[in-house]
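Read the numbers this way: they start at 1 and go in the same order the structure lists the ligands and their atoms.
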Amino acid sequence: KFLATAATALALTATAAFAACDDGEIVVKFAHVTNTDKHPKGIAASLLEQRVNDEMNGTMCMEVYPNSTLYNDNKVLEAMLQGDVQLAAPSLSKFEKFTKQFRLFDLPFMFVNIDAVDAFQASDDGQAMLDSMQRRGLQGLAFWHNGMKQMSANTPLENPSDADGLKFRVQSSDVLVAQMEAIGGSPQKMAFSEVYGALQQGVVDGQENTWSNIYGKKFFEVQDGITETNHGIIDYLVVTSVDWLDSLDPEVREQFLTILSEVSEQRNKEAFAVNEAAKASITDAGGIIRQLNPEQRQAWVDAMKPVWDKFSDDVGQDKIDAAQAINA
Ligand code: LMR
């Protein structure tokens, strides 16, 4: 009985939250997997929802489903092609079934910071990637930033050899599998929504993620500590289906895309600061953050960078060179 009451209460809350959609409005369901606050993606999604619902009232109505409440990232793209959800912003690591081009962004130590990622994405090479999955029915609309990845485990990680024999959760990317194997780890692909439980129960020993994800999902509470490796990035593609975008009247499409582009520009500038705040919150909550000295950091670079060779044909040596030129 209690469960039934709780379910009814939840259903009522959900209905109340979405009661703003009127008959005749184009309903845009936006499914994502992170928190709504203190997170670059969550904040951007909420701002987009607010602006669409204010400025396109009567025409379009957006409903954001955060925290994997509608789909997790391993299911959302299939659901989009079925027309069950219209917008998502999975990390670039989660598009492997659709394109190998985004593997560039998973290669360890490819970009020095999120500004370099931003500059690459703004280039012709980066912008062309938005259209790279059209044949598969998906249209990229914008890149959204999160930040640099850090390593954590249930044991201190100072040198890459400390990872030897540990089980690591990775996103669904073969590059990340190869990266963890390069440090002697045993990688396991897993949906984001399952990571906390897997760490807590010892199904895996460690993981890699940004400060905002480690704080937002409390991974630091079930890890020995987090090592500030900055060895990779998490960035997102705001994506929809070609069919849905084509179905919109040109003026409606233009207004929607203009709002999205303004929100992307505004929030991408703040992504670094949001992650720095999450990092400070981890320390405030008693989490342990370890720094690497220059020799230790170089050991992580030396252990992980050979992974590039394995994937250079997939991503194109010209793209690797372009990314490196931006870093310089
Ligand atoms: C992850 O799966 O760790 C991240 O992609 C989650 C996210 O959306 O930031």
*asked:* I need the atoms of ligand 1 closer than 4.0 Å to a non-hydrogen atom of V33, numbered in the order shown.
replied: 6 (C), 7 (C), 8 (O)

*Report yes or no: does K41 have a heavy atom closer than 4.0 Å to ligand 1?*
yes

*Check V195 against ligand 1 and report side chain, backbone, both or neither, counting heavy atoms closer than 4.0 Å.*
neither

*Got the closest protein heavy atom to atom 5 (O) of ligand 1, with its distance?*
Q171 OE1, 2.7 Å

_T210 and S212: CA distance, side-chain angles, deciding distance, side-chain hydrogen bond (donor to acceptor under 3.5 Å, both in side chains) verdict_ = CA-CA 5 Å; T210 60; S212 53; 3.3 Å; yes

*atom 7 (C) of ligand 1 - nearest protein heavy atom and its distance*: Y236 OH, 3.4 Å

*Which ligand 1 atoms are under 4.0 Å away from a heavy-atom of S91?*
5 (O)

*Before signing off on this row, confirm whether N209 and ligand 1 have an N or O atom pair separated by under 3.5 Å.*
yes

*Classify the contact between T210 and ligand 1 as side chain, backbone, both or neither, using a heavy-atom distance cut-off of under 4.0 Å.*
neither

*Is there a donor-acceptor pair closer than 3.5 Å between any side-chain N or O of S173 and the backbone N or O of V175?*
yes

*Under 4.0 Å from a heavy atom of N213: give me the atoms of ligand 1 that qualify, with their elements.*
4 (C), 6 (C), 7 (C), 9 (O)

*Consider every N or O of H39 and every N or O of ligand 1, then say whether any pair is closer than 3.5 Å.*
no

*Salt bridge present between K100 and D174 (N-O < 4.0 angstrom)*: no

*Part of R169 with heavy atoms under 4.0 Å of ligand 1, whether side chain, backbone, both or neither*: side chain

*Between D205 (side chain) and K167 (backbone), is there a donor-acceptor pair under 3.5 Å?*
yes

*Donor-acceptor pair, E262 side chain versus L257 backbone, under 3.5 Å?*
no

*Pair S152-Q207, side-chain donor/acceptor within less than 3.5 Å*: yes

*N/O donor-acceptor pair under 3.5 Å between Q150 side chain and M148 backbone*: yes

*Judged by atom type as modelled, is there a donor-acceptor pair below 3.5 Å linking the side chain of W211 to the main-chain atoms of F272?*
no

*At a non-hydrogen distance cut-off of under 4.0 Å, which region of K94 contacts ligand 1 (side chain, backbone, both, or neither)?*
side chain

*asked:* Please check this pair: side chain of S93 against backbone of Q171, looking for a donor-acceptor N/O pair closer than 3.5 Å.
replied: no

_Sub-4.0 Å atoms of ligand 1 with respect to non-hydrogen atoms of T34_ = 7 (C), 8 (O), 9 (O)

